[in-house]
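All heavy atoms count here, side chains included; hydrogens, waters and symmetry mates do not.
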Amino acid sequence: ARGTPQPTNPQTHQMKYLSAYMLSVLGGKASPTAADIKKVLDSVGANYEEDVLEKVMSSLAGKDIMEVIAQGKEKLSSVPSGGGAVGGGAAGGGDAPAAAEEKKEEAPEEESEEEEEPDFDLFD
């Protein structure tokens, strides 16, 4: 291992290995090796631990990374995001006219937002 391991959340800690793996894939390696991952991590001065690297590599062995990503997306879609959810969307079957009225009410708001100019410049 390079450097002194820093205490981190195990899932967050593995993200740098997965990121290096993905960078290798984007760089043209269909199935990156542990040496490829080390090379990417070394290039940015990141520390790595052999045991964590081997765990990540063994979990990805023989798998198509795009399928792994798709499976991860499916898992994430079932996780509550905690944001401001719109309520009542699945409330009942007889609310179609009410839904149409809601859409009509939302449209003027969108137009007024487009007409307003921001109080700040994003590019300053």
Side-chain angles (χ1 to χ4, degrees):
R2 285 185 63 221
T4 305
Q6 299 174 355
T8 58
N9 177 329
Q11 291 174 335
T12 304
H13 187 63
Q14 290 179 3
M15 288 303 294
K16 68 180 173 184
Y17 300 95
L18 294 172
S19 298
Y21 188 94
M22 288 300 302
L23 286 170
S24 294
V25 169
L26 289 172
K29 299 269 186 176
S31 295
T33 64
D36 296 325
I37 305 308
K38 289 177 187 178
K39 186 175 179 181
V40 171
L41 293 173
D42 283 337
S43 74
V44 295
N47 294 333
Y48 55 85
E49 298 174 36
E50 291 290 335
D51 59 331
V52 177
L53 177 58
E54 291 305 316
K55 181 180 176 185
V56 170
M57 295 303 296
S58 67
S59 69
L60 293 173
K63 296 181 181 176
D64 179 345
I65 193 64
M66 299 314 280
E67 289 178 16
V68 172
I69 292 170
Q71 290 170 354
K73 281 184 174 181
E74 287 177 23
K75 288 180 183 179
L76 284 175
S77 68
S78 66
V79 175
S81 64
V86 178
D95 291 338
E101 289 177 8
E102 287 179 24
K103 287 182 184 179
K104 287 179 186 177
E105 290 176 13
E106 289 177 13
E109 290 177 25
E110 290 175 11
E111 290 174 11
S112 64
E113 288 176 11
E114 291 175 3
E115 293 172 4
E116 293 178 16
E117 292 186 27
D119 295 334
F120 59 91
D121 188 2
L122 294 173
F123 301 105
D124 275 344

Partners meeting side-chain hydrogen bond (donor to acceptor under 3.5 Å, both in side chains) with S31 (sequence neighbours left out)
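S31 satisfies side-chain hydrogen bond (donor to acceptor under 3.5 Å, both in side chains) with no other residue.
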
Check whether any side-chain N or O of K16 sits under 3.5 Å from a backbone N or O of N47 as a donor-acceptor pair, and report yes or no.
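Yes; judged by distance alone, with no hydrogens or angles, the pair exists.
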
Assigning hydrophobic clusters by single linkage (Ile, Leu, Val, Met, Phe, Trp, Tyr; side-chain heavy-atom cutoff under 4.5 Å), is L23 placed with Y48?
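Different clusters: L23 never reaches Y48 through Ile, Leu, Val, Met, Phe, Trp or Tyr contacts under 4.5 Å.
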
Cluster overlap V52 with L41, hydrophobic side-chain contacts below 4.5 Å:
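Result: yes, single cluster for both.
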
If you count heavy atoms of other groups shown closer than 6.0 angstrom to NZ of K39, is the number above 12?
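Check fails, neighbour count at 12 or below.
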
Please enumerate all residues that pass side-chain contact (heavy atoms from CB on, under 4.5 Å) together with Q71, with sequence neighbours excluded.
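For Q71 there are no side-chain contact (heavy atoms from CB on, under 4.5 Å) partners, ignoring immediate neighbours.
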
Show the nearest heavy-atom pair for residues A30 and V25, with the distance to one decimal.
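What the structure gives for the nearest pair is O-CG2, 4.3 Å.
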
Roughly how far apart are T33 OG1 and M57 CE, rounded to 0.5 Å?
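Reported value, rounded in 0.5 Å steps: 6.0 Å.
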
Mind jotting down which residue pairs meet the ring-ring contact (aromatic ring centres under 6.0 Å, His included) criterion with at least one end in residues 17-40? Sequence neighbours excluded, please.
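Sorted result for residues 17-40: H13-Y17.
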
Sequence neighbours excluded and cut-off under 3.5 Å, please list the side-chain donor-acceptor pairs for residues 60-68, or say none.
from, atom 1, to, atom 2, distance (Å)
K63, NZ, S59, O, 3.0
D64, OD1, M66, N, 2.9

Summary of salt bridge (Lys or Arg N to Asp or Glu O under 4.0 Å) pairs that have at least one residue in residues 24-34, sequence neighbours excluded
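Residue pairs with at least one partner in residues 24-34: K29-D36.
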
